[in-house]
Amino acid sequence: GSGYLLETVLKRGLCQNVVGVDLSEDMVKVVRKRLSKFLMNEVDDIRVGDIKSLPFADGQFSKLCSVNTLYFWKDVSAALSECRRVLRDDGRLVLCFDSKESLLDWPGHKYGFSLYEVEEVERMLLEAGFKILVIKEGFSSGSKKFYCLTGSVV
């Protein structure tokens, strides 16, 4: 996406190193430019990639976060398996998404989006080998309901 989350993480000093992945080469260029002042070492990386086949080693990461991308994943099971694969044994995944109810009010959902109830996402995480640690519900601007699920590798 736009790199907003990575920028926020870097500005707040929440991580020493970050890696971002997007399907679009154009978006990767935009994010690299946006974050150029933060991406100072050889570990930080923004690259083209697909959630179903992440270009990283097994157990490479301690944390993985995805915000508002779940709707685009063609094979959620494969995507979550990949997330599990690249996380360490003590790794955590945070998956945030707008509620199905909120997205039904937005006409853009008709164009290639898959909409999910929180219970569906919870079940998919469990099936992919995650233990659910936290489920948070919130409201964004415009009173859109969203969820953030945090899972740990089982």
Side-chain angles (χ1 to χ4, degrees), residues 1-32 34-35 38-39 41-103 109 111-138 140 144-154:
S2 68
Y4 175 77
L5 175 64
L6 289 178
E7 184 176 29
T8 301
V9 166
L10 290 164
K11 278 183 178 177
R12 293 182 182 176
L14 299 174
C15 289
Q16 292 180 3
N17 305 107
V18 299
V19 174
V21 176
D22 196 285
L23 274 172
S24 165
E25 193 168 318
D26 290 337
M27 286 310 298
V28 166
K29 288 177 186 174
V30 167
V31 173
R32 282 182 180 154
R34 179 180 192 167
L35 301 180
F38 297 107
L39 305 177
N41 64 59
E42 67 279 353
V43 179
D44 295 330
D45 191 12
I46 309 299
R47 64 172 81 171
V48 175
D50 188 327
I51 189 70
K52 292 182 304 191
S53 180
L54 292 169
F56 305 110
D58 294 358
Q60 186 170 339
F61 300 104
S62 58
K63 296 178 182 109
L64 192 150
C65 184
S66 172
V67 177
N68 293 330
T69 62
L70 174 66
Y71 332 109
F72 302 104
W73 298 352
K74 300 294 182 213
D75 185 344
V76 175
S77 178
L80 291 174
S81 291
E82 268 298 277
C83 291
R84 169 65 190 91
R85 181 187 68 76
V86 300
L87 282 168
R88 296 179 188 153
D89 287 340
D90 59 348
R92 300 233 172 145
L93 169 66
V94 177
L95 190 57
C96 301
F97 59 98
D98 286 340
S99 71
K100 182 175 185 176
E101 175 186 347
S102 292
L103 287 175
H109 82 275
Y111 303 99
F113 278 62
S114 296
L115 308 181
Y116 298 98
E117 301 287 354
V118 68
E119 296 83 9
E120 292 176 277
V121 178
E122 182 179 7
R123 179 186 47 77
M124 291 186 290
L125 282 167
L126 292 169
E127 289 173 358
F130 291 93
K131 175 183 175 185
I132 307 299
L133 299 175
V134 178
I135 299 175
K136 290 194 176 190
E137 180 181 308
S140 60
K144 291 190 183 273
K145 186 190 296 185
F146 67 88
Y147 297 100
C148 288
L149 282 72
T150 301
S152 66
V153 173
V154 177

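Only this structure's heavy atoms are used, side chains among them; waters, hydrogens and symmetry mates stay out.
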(request) Quick one: which residue pairs count as a salt bridge (charged side-chain N to carboxylate O under 4.0 Å, His left out) with a foot in residues 75-88, not counting sequence neighbours? (result) D58-R85, E82-R85, R84-D89

(message) If the threshold is 4.0 Å, N to carboxylate O, is there a salt bridge linking R123 and E119?
(response) no

Rounded at 0.5 Å granularity, tell me how far [atom1] in [X] sits from [atom2] in [Y].
X    : Y    : atom1 : atom2 : value
M124 : E122 : CE    : CD    : 10.5 Å
L133 : T150 : CG    : OG1   : 6.5 Å
C83  : K52  : SG    : NZ    : 13.0 Å
W73  : F113 : CH2   : CZ    : 14.0 Å
L80  : L70  : CG    : CG    : 7.5 Å
K131 : R92  : NZ    : CZ    : 9.5 Å

Can you name the closest pair of heavy atoms from [X] and [Y] and give their distance?
X    : Y   : result
A79  : I51 : CB-CG1, 3.6 Å
V28  : I46 : CG1-O, 3.6 Å
A128 : S81 : CB-N, 4.5 Å

So with a 6.0 Å cut-off around [atom1] of [X], is the heavy-atom count from everything else above 12?
X    : atom1 : result
F72  : CZ    : yes
K144 : NZ    : yes
E137 : CD    : yes
R34  : CZ    : yes
E101 : CD    : no

Within the structure provided, determine whether [X] and [Y] are in side-chain contact (heavy-atom separation under 4.5 Å).
X    : Y    : answer
V94  : L64  : no
D98  : K145 : no
V48  : D22  : no
V134 : L149 : no

(message) side chain to side chain contact (heavy atoms under 4.5 Å, CB included), that's the test. Do V153 and D90 meet it? Break it down for me.
(response) CA-CA 6 Å; V153 173; D90 59 348; over 6 Å; no

(message) Could you go through V67 and Y4, starting from their C-alpha distance and side-chain angles, then the distance that decides it, and tell me whether this counts as side chain to side chain contact (heavy atoms under 4.5 Å, CB included)?
(response) CA-CA 10 Å; V67 177; Y4 175 77; over 6 Å; no

(request) Go through the structure and list residues passing salt bridge (Lys or Arg N to Asp or Glu O under 4.0 Å) with E120, not counting sequence neighbours. (result) none

(request) Could you check N68 against F146 for side chain to side chain contact (heavy atoms under 4.5 Å, CB included), going step by step and ending with a plain yes or no? (result) CA-CA 9 Å; N68 293 330; F146 67 88; over 6 Å; no

(request) If a pair satisfies ring pair (Phe, Tyr, Trp, His ring centres under 6.0 Å) and one of its residues is in residues 48-67, list it, with sequence neighbours excluded. (result) F56-F61

(message) Suppose we call two aromatic rings close when their centres sit under 6.0 Å apart. Are F97 and Y147 close by that rule?
(response) yes

(request) Please state whether the sulfur gamma atoms of C96 and C65 sit closer than 2.5 Å to each other. (result) no

